[in-house]
Every structure is written in structure tokens, then in C-alpha cells.
Participant: 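Quick one: the structure is below, questions incoming.
Side-chain atoms are counted along with the backbone in the values below, which use heavy atoms only and exclude waters and symmetry mates. Atoms within each ligand, like the ligands themselves, are counted from 1 in listed order. Just so it is clear, the structure is predicted and the values come from calculations on it, not from any experiment.
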Amino acid sequence: MVRIPISVEPRPYDAIIESGLLARAGMCLRQILPERRRCFVITVAPLRRKWARQLMASLAAGGWEARLVEMPDGERYKVLSTIEKLSEKLSESGADRESVIVAFGGGVVGDVSGLLASLFMRGMDLVQVPTTVLAQVDASIGGKTGVNLKAGKNLVGTFHQPRAVLIDPEVLSTLPAREFRSGLYEALKCGVIGKPDLFRRMEERSDRILRRDAAELEWLIAESVRLKAEVVAADEREGGLRRILNFGHTIGHALETATRYRSLLHGEAVAWGMIAATRIAARLGRIDGHSASRITEAVLAFGRLPAIAVSSREIIRRLQADKKTKNGIVHFVLPTEIGRVQVVSDVPQEVVLGAVEELRRLSQNRKVQA
Ligand SMILES: NC(=O)c1ccc[n+]([C@@H]2O[C@H](COP(=O)([O-])OP(=O)(O)OC[C@H]3O[C@@H](n4cnc5c(N)ncnc54)[C@H](O)[C@@H]3O)[C@@H](O)[C@H]2O)c1
Ligand SMILES: [Zn+2]
């Protein structure tokens, strides 16, 4: 078992990582929240079918009076009306401020449940039990909650830190292959920005990781969570340092919006974004050629990425419209070596355009040398 403290004010909490943890979740939460009795497990159909019985049995064994509350599956239900419907269900079931919300699912369930927990009765306790790679290495840590508006993703949200994050890598065994790989790119991202050992191991053992070897996954998730914990503790509300977590996300977001969130999963867009940022860094002479190609090769080792079917001009347009763009200045997180990045705001437009064009070529003709 690995226990990683997330040191945020006023109340730190732990992320606990262990294969088979689901079966002990009830006891584990009993120790963390000894006075509480009732909990509401927010989840979606695929998890209800595959894993809920195990979680509910474990909660009962830990003395919890647990109730399952289902929401519809998918990013399009990450909207305010879902919060309202879930709130109605909670109040019909007699939930009060002493009840605990358990978010049991991927990042969508985590973000929705987090917002629900921060609003219902002006705030109740939340526990994250993430079930996708993306949620285990990233979304469940750090307290960001949110829903989407028509105008964009995550535009309404709060900061609401959970009381605990329980991570069982075994639940990843039922995750669709593409979702699984997509989450791995966020772990690789953690390697590039601050964990060279994580990067190296992912580089060397991509086969074992893709086979979902339990020990590999446990280690990889723990290292990623450590990185996120360090960054979040230093910068809980996204002042400065937390920006480094956006490595690969500047162009990644532009790709997601330019393709209307249809052809690329988030992690896949980030994967392309990491390759682009690395090329920009190389072009600006901020990283040596050998390290740059190691990053690109490592990304490409996790399988074929969907091609980018939009024009470079459209990608650049989206880049400039990004909500994180201040006064038209686009910030890039660029790698300077493996395990180190810097935030750069004065990248010449032609360098960005060059990287985007290379990306399109690479995506359409994978025989091109990485
Ligand atoms: N709060 C944060 O800091 C943060 C960070 C990154 C991403 N996010 C958010 O996370 C969301 C994406 O999360 P995601 O990639 O986990 O997607 P998701 O929650 O939509 O899950 C992907 C799919 O996998 C299914 N699934 C989940 N776990 C499964 C399992 N163990 N077995 C079988 N199927 C399973 C889900 O039902 C869903 O269909 C986005 O909305 C994004 O904005 C939040
Ligand atoms: Zn991301």
C-alpha cells in the first residue's frame, strides 16, 4: 500500500494506492471518517455493472449505510442540470451535511460529484474513488470541480478538496483500451515535467504497462500522484507553479476544440500537444535533440494516435481564443530536459505554426521519422 499525503490547507488528506483496495474501501473510510454513518456513491452504469457490488459490500462491511446514486454516463452530462437532478435525489433520500459523497468513476463523475459536494447544503464531505487512469493520476487529486457550459469546458466550478482519494489500479482491468492508453499520456506528462525516473520506466516498459501489469500500474500511478501532490501543495489555487501541469495542454486544448471534442480523447490531444511543445522547445534551442526525440518516441510508443484532421490555421485560431490566453499571449510549457519544464510566453508565431504543421504531417504519415 502506498499512502501519499496531499498537503493542502486547512486540511491535508491522503491518496491511498493499492491493488484490491476496493474490497477494503469501507474499512479504510471508517478510519478516516470515524463519526460518519451515511454515504452516497455517485456513479455511472458501466461501473455499477462491473464494480459497484464489490464497493457496496465493502462499505457495508465498514459499517456504512451506503446508497448508490446513478448519473448518465458521458462528458455531455457534465452540466449544471445534472447537479440539480443529483441534488434532488440526495434530498429525497434524506442526505444531510453529515452524509459523505463518494465519487466512483472517471473524471466526469469526479468533477460532477465534487461540485455537488461543494454545493449541497453549502458543502459536504467528499471521497474520490477514481476508476480511469486519467482520474487516478490526475483528476481526483487537487480539488478542482466543475461542469461545462455551451461556451466551453469547466467554466463553472469550485475548489473542494476531498477527505481521501482511494485508488485501486485493479478497476482499470475493465477500462476500454483507448481510454486506458489515453490516461497513460498524462502519466508520461508527469514524467517529463518532474519525474525523470517515471519517464524512464514508462519509456522502457511500455509493453508491460500496456498489458496492465498490476505492479507497473501501481508504481506509475503513485509517481504521478506524487508529482501532482507536490505541485498542488505548492500552488493550491493555480497561481503559478500549477501551470506546469499544462505541459502538452496548450496545443492539446486547441486540437480538442478545433475537432469539437469528437475525434480525440483528452489524453490523445495532450499526447499530440506534448510532441508539439517538444518540437517548439527543440526549435528554440531550449532542449537538446536527443532528449526531444526521446520524448516524442516515448509518446508514440503507447500506440497509434488518431490523425489530426483540421487545418493548421484553425488550430492556431483556437490557440489564440483559449480562455487561458491572456492579452493574446499564448503561454507554452516547454521541456528543457527530461524532468524539467519552463513556462515561456514569447514563442514566435512562425515557430508555433511550424510545429503544428509538423504535427499534422506526422499524424497523417506515421512513417515520418519521430
Ligand atoms: N478536476 C481535475 O483536476 C481534472 C483534471 C483532468 C481532467 N478532468 C476532467 O475529467 C474528465 C475526463 O475524465 P475521464 O477521462 O476519466 O473520462 P470519463 O469519466 O468520461 O470516463 C471515460 C469512460 O470510461 C468509463 N469507465 C470509467 N471507469 C471505468 C472502468 N474502471 N471500467 C470500465 N469503464 C470505465 C466511463 O463510464 C466512461 O464511459 C473531463 O471532463 C475533464 O475535464 C478533471
Ligand atoms: Zn489533462
Participant: Could you check if a side-chain atom of C39 sits within less than 4.5 angstrom of a side-chain atom of E65, using non-hydrogen atoms only?
Facilitator: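 They are not in side-chain contact.
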Participant: Using a cut-off of under 3.5 Å, which N/O atoms of ligand 1 pair up with protein N/O atoms, and what distance separates each pair?
Facilitator:
from	atom 1	to	atom 2	distance (Å)
ligand 1	1 (N)	D111	OD1	2.9
ligand 1	1 (N)	K144	O	3.0
ligand 1	13 (O)	G107	N	3.1
ligand 1	16 (O)	G107	N	2.8
ligand 1	16 (O)	T132	OG1	2.6
ligand 1	19 (O)	G107	N	3.1
ligand 1	19 (O)	V108	N	3.0
ligand 1	28 (N)	T131	O	3.3
ligand 1	28 (N)	T131	OG1	2.8
ligand 1	31 (N)	T131	O	3.1
ligand 1	31 (N)	V171	O	2.9
ligand 1	32 (N)	T174	O	3.4
ligand 1	32 (N)	T174	OG1	2.7
ligand 1	37 (O)	D73	OD1	3.0
ligand 1	37 (O)	D73	OD2	3.0
ligand 1	39 (O)	D73	OD1	3.4
ligand 1	39 (O)	D73	OD2	2.7
ligand 1	41 (O)	E75	OE1	2.6
ligand 1	41 (O)	E75	OE2	3.2
ligand 1	41 (O)	K78	NZ	2.8
ligand 1	43 (O)	K78	NZ	3.0
ligand 1	43 (O)	K153	NZ	3.4
ligand 1	43 (O)	N154	ND2	3.4

Participant: Kindly indicate whether the side chain of V69, heavy atoms from C-beta on, has any atom under 4.5 Å from the side chain of T43.
Facilitator: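 V69 vs T43: side chains apart.
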Participant: Ignoring hydrogens, what is the shortest heavy-atom contact between G146 and K78? Give both atom names and the distance.
Facilitator: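 So the two residues come closest at O-CE, 3.5 Å.
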Participant: Are the charged groups of R37 and E98 less than 4.0 angstrom apart, N to O?
Facilitator: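 No, no charged N to carboxylate O under 4.0 Å.
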Participant: Between E314 and R317, is there a side-chain N and carboxylate O pair less than 4.0 Å apart?
Facilitator: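 Yes.
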Participant: Is it the case that more than 12 heavy atoms not belonging to M121 sit under 6.0 Å from its CE atom?
Facilitator: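 It does: M121 CE has more than 12 such atoms within range.
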Participant: Does K89 pair with E70 as a salt bridge, N-O distance under 4.0 Å?
Facilitator: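 So K89 does not pair with E70 through a salt bridge.
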Participant: Suppose we call two aromatic rings close when their centres sit under 6.0 Å apart. Are H331 and H249 close by that rule?
Facilitator: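 No, the ring centres sit 6.0 Å or more apart.
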Participant: Which residues and atoms, protein N, O or S only, are under 2.8 Å from the Zn ion (ligand 2)?
Facilitator: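 Listed by chain and number, the nearby protein N, O or S atoms are E186 OE2, H249 NE2, H266 NE2.
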Participant: Whether R201 and E216 form a salt bridge (side-chain N of Lys/Arg under 4.0 Å from carboxylate O of Asp/Glu) is what I want to check.
Facilitator: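 Yes.
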